[in-house]
2 protein chains.
Amino acid sequence: MSLDTRSALIEKATSLVRRQGYSGFSYADLAEAVRIRKPSIHHHFPSKEDLGVAIVAAYTERFATLLEQAAAQHQDPVGRLNAYAAMYRLGIETREGCLCGVLAREMAILPPRLQIGVRQFFNLNLRWLEQVLDLGHKESQLHPLIVAHREARTVLATLQGAMSLALALDDPEVFEQAVAGLLDRLRVPEG
Amino acid sequence: MSLDTRSALIEKATSLVRRQGYSGFSYADLAEAVRIRKPSIHHHFPSKEDLGVAIVAAYTERFATLLEQAAAQHQDPVGRLNAYAAMYRLGIETREGCLCGVLAREMAILPPRLQIGVRQFFNLNLRWLEQVLDLGHKESQLHPLIVAHREARTVLATLQGAMSLALALDDPEVFEQAVAGLLDRLRVPEG
DNA sequence: GCAAAGCTACCTATCAGAAGGTAGGCGTGT
DNA sequence: ACACGCCTACCTTCTGATAGGTAGCTTTGC
C-alpha cells in the first residue's frame, strides 16, 4: 500500500483547496503537485468527492488533536484561547485559509458528504470553545457577561473572519489586531 | 441601450457568485437565470473578468450608499453598529454571503483587477468602522479600551465570520449570537 | 421625405481547452 | 500467481470564447 502517495495526495489537495477553493482546484493541478499522472489519482480516490471527504476528515482529525494538546498544555482559559489563535496563525504564515472556512463559502455547490464534514468541523470547534469559555467564567478569568454558548460563536466567527481578512489584504497584522481586540475584551475588566 | 439586460446580468451574477463563488458559477448558469443565450452575455461583458469587475464595482457602490445612509439615520455609534450588522442580516435571509467575503476565499486565483476590487471593499468598510468607533470613544459610549484602528478590524472580521458561519451551519441564530457577543462587549461596561 | 449606413441586442453554430472519469496494459514485489 | 501502483490512451461534458448572421432601431446625406 503506497501510503506515501495517498497521504501526499491528501496533503497537497488540502493546500490547493485552502488556497483556491474546492471548485477552484483540479485533478490536473494536484497531479502536477504530486508528480503523478492525472488518472492515477482515481486509483486512490475514485471521485473528487471522495478526495474531498478524505481531506476534510484528515483536517478535522488533525485539528482535534491540536485542540486536545492545547487543552493539555494550558490549564488557564486565556492561555487556551491564545493557543487557539496560534493555530490560525500557522495558516496565515503559509498563506492558506482554514480548509473548512474556505469550503463554507461554497456550501451550496458542495456534495452533501462534504457539507456534513464542514459542519462537523465547526461544531467541534464550538464545543471546545464553549468548554474553555465556561471554565473561564467559573474561574472568573473572563469577562462576567460571558455566556459560553453564545460567546463561542463570537470567538469562532472572529478568528475565521480575521484569517480571511488578513489573507485577502495580504497583511498578517490585520489578523493580529482583530484577534487582539477580541481577546482584550474577553478578559476580566481590571485584574 | 438595454440597461435592463445589463443590470439583470449584474444582479443575477452577483447572486450566483455570493452563493457559489467566482469559479463555481458559469456563463451557462447565468444565461439560464437571465433567460438569454450564453454567447449574448459576451455582448455586454467581453470576458468573465469584465463581468466580475462590474459586479464588484456595483456591489461596493451600493454598499457605500448604505453606509452613508446608516450614518445619516443614526447619530449614536451603537446605533450605527447595529445598522451595520443589519446590512449583513439581509444576506443571511437570502442565504447569500457577502460578495467580497466570498471572493476573498479564492483570492489566489482571481484576476488582479478583482483582487484590487475586493481589497477596496474591505478598506472602505474599515475606514467607515474606524470613524464610528472613534466617535464612540470620544462620546464615551463605547468600551474605554477601544483603539479604533484596531477595533475596526475586529468588528469587520467578526461580522464576516459570523455571516459565513451562519450560512454554513444553516442557522441564522449563529449570526445573531456571534454579533450579540461582540456588540455587548463593545458597549461601556456599566452605563 | 426617405433610403442608405451603421448601431444595438440578440441569435445559431462552433471552437479549443480543461474538467472529471474510464478502460486496459505494464512492471514490480511478494 | 497475482495484486498493487502507476501508466497511456481515450471519452464525455462543460468551460469561456469566437464567428457570422438577423431583426429592428437610429442616424445621416441629399
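- Separating the NE2 atom of B/His43 from the P atom of D/dT22 is a distance of 17 Å, rounded to the nearest angstrom.
- The phosphate of D/dG5 has neither OP1 nor OP2 within less than 4.0 Å of any side-chain N or O from A/Ser40.
- At whole-Å resolution of the value, NE2 in A/His44 and P in C/dG20 are 17 Å apart.
- Listed for the B/Glu49 side chain is no donor-acceptor partner under 3.5 Å among the backbone atoms of B/Pro46.
- The aromatic rings of A/Phe63 and A/Tyr88 sit perpendicular to each other, their planes meeting at more than 60°, with 30° as the lower class boundary.
- For B/Phe45 and D/dT18, the CZ to C1' distance is 19 Å, given to the nearest whole Å.
- Atom CD1 of B/Ile109 and atom P of D/dT15 are 15 Å apart (whole Å).
- Salt bridge B/Asp134/B/Lys138: present, at least one basic N to carboxylate O contact under 4.0 Å.
- A parallel orientation is assigned to the rings of A/Trp128 and A/Tyr84, their planes being inclined by less than 30° (bins at 30° and 60°).
- A/Lys48 places a side-chain N or O within donor-acceptor distance of the main-chain N or O of A/Tyr22, the cut-off being under 3.5 Å.
- For A/Ile36, whose side chain is taken as the heavy atoms from C-beta onward, the closest listed nucleotide among C/dC10, D/dA17, D/dC7 is D/dC7.
- Under the 3.5 Å distance criterion, the side-chain polar atoms of A/Arg187 are left unmatched by any main-chain donor or acceptor of A/Leu142.
- Geometrically, A/Lys12 does not engage A/Phe25 in a cation-pi contact defined by less than 6.0 Å to the ring centre and at most 45° from the axis.
- Contacts between residues 12-33 of chain B and DNA chain C, defined by a heavy-atom separation below 4.0 Å, involve no residue at all.
- Not one N or O on the side chain of B/Ser40 forms a donor-acceptor pair closer than 3.5 Å with the backbone of B/Ile36.
- The CD1-P distance, from A/Ile41 to C/dA19, rounds to 11 Å in whole Å.
- The interatomic distance linking B/His42 (NE2) with D/dG16 (C1') rounds to 5 Å, in whole Å.
- OP1 or OP2 of C/dC10 lies within a sub-4.0 Å distance of a side-chain N or O belonging to B/Thr5.
- Atom pair A/Lys38:NZ and C/dT22:C1' shows a separation of 11 Å (rounding to whole Å applied).
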Dot-bracket notation for DNA chain D is requested: 5' to 3', Watson-Crick or G-U wobble pairs only, both distances under 3.5 Å, with ( ), [ ], | and . as defined.
|||||||||||.||||||||||||||||||
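- Closest to the side chain of B/Pro39, out of D/dT8, D/dC4, D/dA17, is D/dA17.
- The two atoms that bring B/Ala166 and B/Ile92 nearest to each other are CB-CD1, 3.9 Å, heavy atoms only.
- The interatomic distance linking B/Asp4 (CG) with C/dC10 (P) rounds to 9 Å, in whole Å.
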